[in-house]
Asker: 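Okay, handing you the structure first.
In the text below, chain A, chain B and the rest are named by the order of the sequence lines, each starting its count at 1.
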Amino acid sequence: NAGVTQTPKFRVLKTGQSMTLLCAQDMNHEYMYWYRQDPGMGLRLIHYSVGEGTTAKGEVPDGYNVSRLKKQNFLLGLESAAPSQTSVYFCASTLAGFAEQYFGPGTRLTVT
Amino acid sequence: SQQGEEDPQALSIQEGENATMNCSYKTSINNLQWYRQNSGRGLVHLILIRSNEREKHSGRLRVTLDTSKKSSSLLITASRAADTASYFCATDGYQAGTALIFGKGTTLSVSS
């Protein structure tokens with residue numbers, strides 16, 4: 001039982017490049033989330049999903065896209081990376097919206 | 001827009017002392033949760049307190065909730081160096097039960 005895993009752990013991109021971050025969970029959770037964490041800002045919700053095939057915007061969705069084709073996976077895409085997207089990205093999942101969230105280890109992304 | 005705001009932003013204590021951190025929020029909630037984040041790691045759930053509860057204990061942790069003041073406190077008794085981490089409160093005020101809103105956190109440093 002791996003819980004929530006994230007791939008990759010680290011990535012450096014040049015401005016304008018694209019990439020996809022993968023989040024996988026093996027707990028059969030319906031809800032999945034993508035957050036970014038910047039110094040002094042806490043966690044901010046980017047996008048979330050309340051079930052397979054559904055996605056919704058969070059607090060800071062601009063510049064990101066997501067997909068939830070399979071229940072266990074939640075992908076976060078950056079189509080044209082910008083230095084402002086330098087951050088640590090966390091994925092989380094939960095059984096229900098108000099319940100305890102389980103977090104992945106994070107992906108540290110630097111955009112130069 | 002962040003719902004929960006932790007206070008203080010940083011706290012330094014000696015081993016064996018108690019640590020108290022506070023969280024204030026703005027709108028009505030169904031529950032409030034506390035999470036811990038060790039440096040470079042994902043968040044780990046500590047405790048959930050429902051709106052109809054006033055106090056909850058888990059080991060050395062004691063959480064109180066005052067819905068009339070829209071505030072919560074997390075008390076860690078007999079602190080250890082291993083308690084050094086950032087602590088976040090999270091409330092369920094986002095999009096009617098689909099996602100949590102996290103505060104900016106309190107950074108606790110426990111020295112031996």
Asker: With a 4.5 angstrom heavy-atom cut-off, which part of Y102(A) approaches chain B: side chain, backbone, both or neither?
Answerer: neither
Asker: Atom CD of residue position Q9(B) - does it have more than 12 heavy atoms of other residues, nucleotides or ligands inside 6.0 Å?
Answerer: no
Asker: Is there side-chain contact between F90(A) and Q37(B), with at least one heavy-atom pair below 4.5 Å?
Answerer: yes
Asker: What residues, two or more places apart in sequence or in another chain, satisfy ring-ring contact (aromatic ring centres under 6.0 Å, His included) together with Y87(B)?
Answerer: none
Asker: Examine Y33(A) and V88(A) and state if one hydrophobic cluster contains both, with Ile, Leu, Val, Met, Phe, Trp and Tyr joined whenever side-chain heavy atoms are less than 4.5 Å apart.
Answerer: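 Yes: a chain of side-chain contacts under 4.5 Å links Y33(A) to V88(A).
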Asker: Give a yes or no on whether E79(A) atom CD has more than 12 heavy-atom contacts from other residues, nucleotides or ligands under 6.0 Å away.
Answerer: no
Asker: Return yes if some donor-acceptor pair links the side-chain N/O of E100(A) with the main-chain N/O of V44(B) below 3.5 Å, else return no.
Answerer: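 Checked: no pair found.
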Asker: Is there a side-chain contact between I101(B) and L43(A), using heavy atoms and a 4.5 Å cut-off?
Answerer: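 No, every pair of side-chain atoms sits at 4.5 Å or beyond.
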Asker: With a 6.0 Å cut-off (strictly less than), is the heavy-atom count around CZ of R80(B), excluding the residue itself, greater than 12?
Answerer: no
Asker: Just wondering, are more than 12 heavy atoms of other shown residues or ligands nearer than 6.0 Å to CZ in R50(B)?
Answerer: no
Asker: Linking I/L/V/M/F/W/Y whenever any side-chain heavy atoms sit under 4.5 Å apart, do F103(A) and M32(A) land together?
Answerer: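 Different clusters: F103(A) never reaches M32(A) through Ile, Leu, Val, Met, Phe, Trp or Tyr contacts under 4.5 Å.
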Asker: Using 0.5 Å steps for rounding, measure from the OG1 atom of T94(A) to the CD atom of Q33(B).
Answerer: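 It comes to 7.5 Å.
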Asker: Does any backbone or side-chain atom of L43(B) lie under 4.5 Å from a heavy atom of chain A? Answer side chain, backbone, both or neither.
Answerer: both
Asker: Tell me, for A99(A) versus chain B, whether the close heavy atoms (under 4.5 Å) come from the side chain, the backbone, both or neither.
Answerer: backbone
Asker: With no hydrogens and no angle check, is any side-chain donor or acceptor of N31(B) less than 3.5 Å from a backbone partner on F98(A)?
Answerer: yes
Asker: Please tell me if the side chains of L100(B) and Q101(A) come closer than 4.5 Å, counting only heavy atoms from C-beta onward.
Answerer: yes
Asker: Would a 4.5 Å heavy-atom cut-off, applied to side chains only, mark Q37(A) and F102(B) as touching?
Answerer: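 A side-chain contact under 4.5 Å is absent here.
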